[in-house]
Amino acid sequence: MNENVIVAVRARPFNPDEIKGSEHSLWSLNYQTIASLPPPTLIEKNMTTPIKGSTTTTSTTTSIKTPMKTPMKSSISTPMKSTTATATPMKTPSRPSLAPVVSSTSKFVSNAYSFDHLFAPDSDNMDIYEKVAKKVIKSSMEGINASILAYGQTASGKTYTMKGTGKKNPGIIPLSIQDVFTYIQQASDKEFLLRVSYLEIYNEVINDLLAPENINLKIHEDPNGQIYVGNLKEEIVLSLDHVMSLISAGEAHRHVGTTNYNDQSSRSHTIFRMIIESKDIGGDATTDGASSTSGKPVRYSCLNLIDLAGSEKASDGLNAIRNKEGAYINKSLLTLGTVISKLSEKANGHVPFRDSKLTRILQNSLSGNSRVAIICTITLASNNFEETHNTLKFASRAKQITNNAKINEIVDDKALLKQYRHEIAELKSKLNDALNVEKSLQTVQSEKEKVVLNNEELSNKLLEAEKTRTMLESKIQHLTKLILVSSSIGNMKTKSGFSSPSQSSANQVATSSSSLNLTPSSINSQLSSISISSPNDNGSSSNNISTMEKELMQLQSKITKMEFEMEEKNRKIEFLNNFNPDTGLEKIKELESELVQRDMDLSLYQRESNRLQSVLTQKEDKINQLESKLRDILSKCKELEQENQSLKSKVDDYEVMY
Ligand SMILES: Nc1ncnc2c1ncn2[C@@H]1O[C@H](COP(=O)(O)OP(=O)(O)OP(=O)(O)O)[C@@H](O)[C@H]1O
């Protein structure tokens, strides 16, 4: 759509210095028109003296209007219905008027300018937002590039207008951002992607306010003729608070300083930019929240909210730094003025966009596909008459510029919104894969833990079994020793008889036992009666031992088997550590069932080992008993031997006697 730049003029109230200095207004405001008043010296003698504190907003009559002492209140929100003749036409003009108005009663030439909106000193930021910015913001939400900028001399209220003074008095920037999010909230059939950047142009150097380490950035032009700043940080934003926190972080890096006119004078131009991408989600959103609207175009717009530094007189700076800053500011504003002037002439001549960073960055906005609103801030004080006049001239020229803003649509995949949608879909599928892998890994992990646990148990059991084996071995050894002694007593009977007194005591026992009916066979039978019996025992000691040895061998072979299993399990644990979830899960299950089987075997072995242990204990008791009986028998044998000796000597005596 072809549209002229929207121009609004805002007059701020007199500041304390101006009030103290008894400044008066040399301007009259009437609806959309502002006209200059003659200086007091020109007021005809027959006129009344200037009315102190007058708040009249009536425009000049046939005679020149009296200058006002204090900032006037404006009734500009409703058109005046005055029937008095005015120096300038009071109708809403379609074009601003630059025509000088000549008073009929003096040589004074009044300049009157008409704009789309004129805001008197008592207006507030919300008024300005509602009347100037709101529709521009709405356009930007619909895919139309937009720029809103504040222009004016130093201390005229640009920052006050653009940023406001906190939550109670927000300026155009916070109000716009708030509206952006309200719009998104209400547009239930659309999805949006917002990203912001924030830069300043200080002394013709571009600095990134969101990434202060990015300084002296360069301007580039893409193949489509779009101007952009390279390496500028763009942050995706999700809420009003998020944006505001970025802005206030950026503000901390902006160059601000004290001048003669403003304690907090902006020493740089700032451009807050929001890239708005939007896409209809229509009715075909998929259940997982992803939309299947990939074929639909993405609307794309660039919203610039610009707070310019103010023009100032060369002598305004307090020191060399301020003067240098002022010189850069003035130079770039002069270039902006020239650019605006050239664009307003509508001739096809050269437009010096490249003469300043500011105009170069604003090139796309000022020269075509963008809605532009300029808020020119002025002071009505007579001591700034010249600057205010210049601002109004600038504003009038800007009003001549026609732009052709249109909705920007991207059909291919260049829009970040589409790229993000693709990425989200890809990531979702990757996430699913990852979840599956995670599940498998969790199973593997728990299988592994089980195997490790089983292995530990197995190790403990193996240790126990080995202990048991060692104990069994030593007991069997001990038992074997004892039984061999007993056997040799039995053997004596068959090999040597009982005749030789020089034979061992056991033999002697055997000899004497014949007379006492304590023959080796009877001892043997006594031994048998007290012999150790295992469940499979046939009752003989040698059988006991061989049974135990057999059991021991079985146990040994079981232990060997268990050791082998342990090794195998260790191999499997190693295998699990290097487990590949795709192939290993089945094997883990097999292993698990094998492990369960092994577990059962192991507890069987354990039971067997316990049984053997108790048999051994039993046998040990019996051996102890046997030992004590053996001792008794031996002592009886000794007694018998002694008896035998005495009997022998008695027999000898008898033989001697008879
Ligand atoms: N409409 C207004 N109502 C009340 N106070 C205002 C208004 N406009 C500006 N002021 C006050 O005037 C002073 C200068 O305003 P501001 O800093 O916004 O000017 P500026 O044009 O941004 O100046 P500079 O170009 O030096 O940065 C501030 O103290 C501000 O609060």
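These numbers come from the heavy atoms of this one structure, side chains and all, not from hydrogens, waters or symmetry mates. Since the model is a prediction, treat every value here as computed from it, not as a measurement. Counting convention: from 1, in listed order, for ligands and their atoms alike.
For atom 4 (C) of ligand 1, a protein non-hydrogen atom is found at a distance below 4.0 Å. Closer than 4.0 Å to atom 28 (C) of ligand 1 lies none of the heavy atoms of the protein.
Salt bridge annotation for E277-K279: absent, with no cationic side-chain nitrogen under 4.0 angstrom from a carboxylate oxygen. Using a cut-off of 4.0 Å between Lys/Arg side-chain N and Asp/Glu carboxylate O, D179 and K138 are scored as not salt-bridged. E18 has a carboxylate O that lies under 4.0 Å from a charged side-chain N of R12, or vice versa, which qualifies the two as a salt bridge. Ion pair E204/K331 not flagged as a salt bridge, since none of the NZ, NE, NH1 or NH2 atoms sits closer than 4.0 Å to an Asp/Glu carboxylate oxygen. For R195 and E234, the salt-bridge test passes: some basic side-chain N is under 4.0 Å from an acidic carboxylate O. The pair E213-K233 does not count as a salt bridge, with every side-chain nitrogen at least 4.0 angstrom from each carboxylate oxygen.
No part of P121 comes within 4.0 Å of ligand 1, judged by heavy-atom distances.
Heavy-atom distances between M162 and ligand 1 stay at or above 4.0 Å for every pair. Using a non-hydrogen distance threshold of 4.0 Å, G152 does not register as a contact of ligand 1.
Aromatic rings of H389 and Y113 (six-membered ring for Trp) have centroids within the 6.0 Å cut-off, being under it.
With contacts defined as side-chain heavy-atom distances shorter than 4.5 Å, the pair H255/N207 qualifies.
Defined by atom type and a distance below 3.5 Å, a donor-acceptor pair is missing between the side-chain atoms of N145 and N364.
The atoms of ligand 1 that sit less than 4.0 Å from any heavy atom of S265 are 24 (P), 26 (O), 27 (O). Atoms of ligand 1 found under 4.0 Å from any heavy atom of G310 (numbered from 1 in listed order, with element): 25 (O). Of all the atoms in ligand 1, the ones that sit under 4.0 Å from a non-hydrogen atom of Q153 are 21 (O).
Around atom 24 (P) of ligand 1, the closest heavy atom drawn from D307, N262, I378 belongs to N262. Residue K158 holds the heavy atom nearest to atom 21 (O) of ligand 1 of all those in R10, K163, R12, K158.
Here the heavy atom of the protein found nearest to atom 31 (O) of ligand 1 is Y160 CD1, 3.5 Å. In this structure, atom 9 (C) of ligand 1 lies nearest to the protein heavy atom G157 CA, 3.4 Å.
Residue-to-ligand polar distances keep L308 apart from ligand 1: every N/O pair is separated by 3.5 Å or more. Every N/O-N/O distance between T165 and ligand 1 stays at or above 3.5 Å.
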